[in-house]
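Taking it in order: structure first as structure tokens, then the write-up.
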Amino acid sequence: MTITATHLGRRARRRSAHWHPYALIAPAALLVAVFLVYPVASVFYYSLQTYNVTMPLYNGFVGFGNFVEIFHDEKFWNSLAFTFKWVVVEIALQFVFGLILALLINQAFKGRGLVRSLVFTPWAVAGILTTTIWLLIYNPTTGVGRYLADMGLIPYGTSLLSGEGTAFWAAVLAELWKGAPFFAILILADLQSVPAELYESAEMDGAGRIRKFLSITWPHIRLAVVIATLLRAVWEFNNVDLLYTLTGGGPAGSTTTLPLYVAQTAIYDRDFGYGSALTVIAFILLIIFTVVYLRMNRFGKDD
Amino acid sequence: MRSQSQGTKRWIAAAVAVTSVTAVAGCSSDDGGAANGDGGDVVLELWDTDTRPERTANLETLIDMFEAENPGITIEYLGLPTDSYMQKISTAISTNSTPDLLTPKASDISALVAQGALAPLDDMFAAGGWEDKIDPVMVESTRAAAPDGSLYITPATALVDVLYYRADWLEEVGVDVPQTWGDFENAVAAMTDTSSGRFGYTIRGGSGFFPGFMDMVYTRAGIGEIFDADGKATLDDPAIVKAAQEYVDLYKTTTAESDLTADFKVMIAQFSGGGAGTLTHSIGSYPTILEALDPEQVAVTLPYPGENGTQVISQLTTGFGMFASSEHKEAAQKFLEFTMGEEGNSFWAEASGYMPGNTAVADEPWVAESKALAAAAEARSNTSAVPLNVPYYLPEWTSITGTDMLPDWQAVLQGNMTVEDFCAKYATALTEAQKRYEEAMK
């Protein structure tokens with residue numbers, strides 16, 4: 001009787017030991033299922049449908065019809081090409097300016113704390129506020145253009161946001177203002193961990209500024225640059241808030257990124273089927289980019 | 001002791017799991033939507049599709065007036081952003097969290113009816129005898145905007161599109177207020193002085209350009225139909241292409257280059273702020289314009305008759321609608337009727353600068369005193385004028401004339417696409433959309 005009771009108790013403990021870990025991961029698993037798996041699965045599902053809430057007459061399963069249409073959609077190819085250009089230009093400029101900023105504010109000088117705070121401020125400003133600031137700057141009636149026109153430097157009634165070819169650079173500048181501090185923050189954190197003795201001994205060996213940067217600084221900040229570049233590349237690819245509110249993708253569609261095209265299709269036209277198919281393509285492109293980029297940089301592996 | 005500790009840990013784990021599940025479930029639950037008036041006051045939720053501060057203040061006054069006359073009914077106001085309200089409404093429809101009342105435009109009806117969101121108001125309209133009290137043209141155009149010909153919003157008010165001129169600028173350059181399209185061309189050219197940042201006209205190159213395009217192009221061509229009798233779009237009609245070219249030619253010669261991306265807020269700011277001498281917009285902008293300018297500084301005319309002698313009038317009904325899912329339909333209908341009744345209609349139309357739908361209100365003195373409304377009244381009394389018959393019933397109307405056309409329209413203004421190609425491309429798109437719609441309706 002005693003043996004049986006002990007045996008049963010052990011079995012009960014073993015059973016409970018079985019569900020114990022599942023109960024612990026259940027909240028996380030549930031959150032992932034609700035907020036990640038379900039939305040992604042739903043996008044894949046709707047990508048195979050014609051689904052426009054305002055046109056239920058035409059709704060139904062179309063298989064890969066949306067993808068075939070996308071293949072022939074000039075707007076898709078244009079937005080993809082623009083996205084590529086946008087990401088490359090933004091990341092390159094943000095990296096260069098972020099690195100310069102980090103190197104500058106890593107030097108010891110009077111008022112460094114204040115300067116550091118000012119440098120990081122744009123990153124802390126909300127996207128919509130960034131847009132508002134730059135919209136005011138670019139406004140032809142109240143912005144910088146008005147003062148330049150008053151001085152006779154440019155004609156009245158012009159704006160960088162509506163000039164042919166200038167809207168792109170106007171948007172790049174606004175986003176650079178916000179994005180460069182992010183690079184600076186991450187790079188500065190790694191710069192501060194470089195032991196000063198390394199620079200001292202390098203100087204004793206006669207190393208110049210460039211040699212010190214390439215042999216000491218760069219190896220220390222490389223991982224920070226890789227992760228910052230990856231994060232910013234994904235964020236810039238997905239950039240909707242700034243472009244949506246600053247240029248609306250215009251003029252003439254010249255600043256429409258792929259996610260902005262998705263937003264226009266799904267939000268304005270409420271064509272969720274086609275919008276989902278575009279999203280699936282963006283999703284796959286980002287996964288491929290992330291994997292390739294991390295492999296190329298041997299991320300997570302020791303040198 | 002060890003086993004007790006393990007048991008405690010298990011209970012903690014279970015409790016955390018249950019709490020998290022409850023929290024997640026709580027995130028997705030409907031928090032009630034419209035307040036419930038069980039046994040007490042009825043609380044109605046009203047969503048407004050326009051959040052200009054002056055309009056919000058007027059609507060709140062209208063609500064106060066209604067509540068004073070209807071004790072036991074309270075209306076809660078929520079303003080939605082003017083350029084993205086349909087997104088919020090679509091989300092609410094998908095999640096069954098719609099309010100009781102809404103302020104849609106005739107152009108929104110097709111999309112809302114397609115989702116089964118709005119309640120038809122025909123029974124209420126007939127029972128209240130409103131057919132005899134409301135302008136029949138407005139009633140008819142509101143019905144025509146719905147695919148099934150039912151009435152989904154109260155034809156409480158209407159907007160008519162007009163041309164606003166800076167009368168003081170015209171006087172300065174010695175030009176009379178234009179009465180023909182030829183006069184218009186002369187006036188905007190005379191008012192333009194690029195060296196001082198003054199432009200004769202402000203063209204809508206940005207978001208929502210097509211209503212402005214119709215006001216200036218279809219009217220100038222003297223064509224009021226978007227589709228001919230065979231269902232073919234008239235956009236590539238030679239008269240429309242010619243008028244469109246004349247409209248495009250205004251860009252950069254008499255307008256600011258930055259108009260390429262101008263939306264209605266920018267245009268009104270330019271006109272009121274001394275940047276532009278002429279503006280095409282609805283009579284609803286008149287109160288806003290008068291905040292910056294004196295009435296003497298402004299002249300208002302209707303768009304002029306086309307070369308074929310036909311005067312086309314662009315009019316859009318705006319009103320109040322009720323969601324089909326409202327649990328307080330009786331109370332909501334009281335408010336809808338209040339907006340059409342003399343007291344409510346008079347206040348709302350005058351404060352908003354709209355044409356009143358109630359025919360008794362239309363005869364009130366304040367209507368004749370407003371320059372914008374006087375122009376609208378002239379349109380109403382002109383029996384030979386034809387309405388601009390916009391196919392709001394067409395499900396693809398908004399997407400074609402909005403997101404599809406805009407980039408190409410800007411390319412036309414930039415000189416990268418010809419007017420002929422633009423008109424031909426979208427005439428085809430509209431004709432095909434009309435065909436799809438007709439086939440689906442069969």
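These values consider heavy atoms only, across backbone and side chains, with no hydrogens, waters or symmetry-generated copies. Sequence lines set the chain letters: A, B, ... in the order given, protein chains first and strands last, and positions in each chain run from 1.
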Problem set entry | Per-residue contacts, residues 75-86 of chain A versus chain B, heavy atoms under 4.5 Å | K75(A)
Problem set entry | Rounded distance (nearest 0.5 Å) linking atom CG of D421(B) with atom OH of Y426(B) | 11.0 Å
Problem set entry | Least distance between heavy atoms, P27(A) atom then L24(A) atom | CD-O, 3.4 Å
Problem set entry | Euclidean distance, N59(A) CG relative to Y51(A) OH, rounded to 0.5 Å | 7.0 Å
Problem set entry | E74(A) atom CD, neighbour heavy-atom count above 12 within 6.0 Å | no
For this session: Output the option from L406(B), T398(B), D404(B) having the highest count of non-hydrogen pairs under 4.5 Å with chain A.
Result: D404(B)
Exercise. Counting distance only, does the side-chain N/O of Y251(B) pair as donor-acceptor with the main-chain N or O of E257(B) below 3.5 Å?
Worked result: yes
For this session: Check the angle between the aromatic planes of Y138(A) and W134(A) and answer parallel, tilted or perpendicular using the 30° and 60° thresholds.
Result: tilted
Exercise. Which residues, numbered in order, of residues 152-161 of chain A come under 4.5 angstrom of chain B by heavy-atom distance?
Worked result: Y156(A), G157(A), T158(A), S159(A), L161(A)
For this session: Measure from the ring center of F272(A) to the ring center of Y46(A) and say whether it is less than 6.0 Å.
Result: no
Exercise. Do any of residues 258-279 of chain B have a heavy atom less than 4.5 Å from a heavy atom of chain A, and if so, which, in residue order?
Worked result: S258(B), L260(B), T261(B)
For this session: Give a yes or no on whether Y38(A) atom OH has more than 12 heavy-atom contacts from other residues, nucleotides or ligands under 6.0 Å away.
Result: no
Exercise. Taking N66(A) for the side chain and Q49(A) for the main chain, is one N or O donor matched with an acceptor at less than 3.5 Å?
Worked result: yes
Exercise. Taking the six-membered ring for Trp, are Y437(B) and Y393(B) parallel (under 30°), tilted (30 to 60°) or perpendicular (over 60°)?
Worked result: tilted
For this session: Over 60° means perpendicular and under 30° means parallel, so classify the ring planes of F422(B) and W409(B), tilted if in between.
Result: tilted
Taking distance alone, no hydrogens or angles, what donor-acceptor pairs closer than 3.5 Å link side-chain atoms of residues 190-197 of chain B to residues at least two apart or in another chain?
| unit_1 | atom_1 | unit_2 | atom_2 | d |
| --- | --- | --- | --- | --- |
| T192(B) | OG1 | V188(B) | O | 2.6 |
| T192(B) | OG1 | G200(B) | N | 2.9 |
| D193(B) | OD1 | S195(B) | N | 3.3 |
| D193(B) | OD1 | S195(B) | OG | 2.7 |
| D193(B) | OD2 | S196(B) | OG | 3.0 |
| S196(B) | OG | D193(B) | O | 3.2 |

Problem set entry | Among G249(A), S254(A), A167(A), A252(A), residue most engaged with chain B (heavy-atom pairs, under 4.5 Å) | A252(A)
Exercise. Between CZ of F199(B) and OG1 of T255(B), what distance do you get to the nearest 0.5 Å?
Worked result: 7.0 Å
Problem set entry | Most contacts with chain B, counted as non-hydrogen pairs under 4.5 angstrom, among A149(A), P251(A), G253(A), P140(A) | P251(A)
Problem set entry | Contacting region of R198(B) [heavy-atom separation from chain A under 4.5 Å] | neither
For this session: Report the C-alpha separation of E438(B) and Q434(B) in whole Å, then their side-chain angles, then the decisive distance to 0.1 Å, and conclude whether the side-chain hydrogen bond (donor to acceptor under 3.5 Å, both in side chains) test is met.
Result: CA-CA 6 Å; E438(B) 283 170 2; Q434(B) 173 75 3; 2.9 Å; yes
Problem set entry | Which of S90(B), S110(B), A114(B) touches chain A most, by non-hydrogen pairs under 4.5 Å | A114(B)
For this session: Take Y274(A) and D269(A) through the test side-chain hydrogen bond (donor to acceptor under 3.5 Å, both in side chains) and record every step on the way to the result.
Result: CA-CA 10 Å; Y274(A) 198 70; D269(A) 297 346; over 6 Å; no
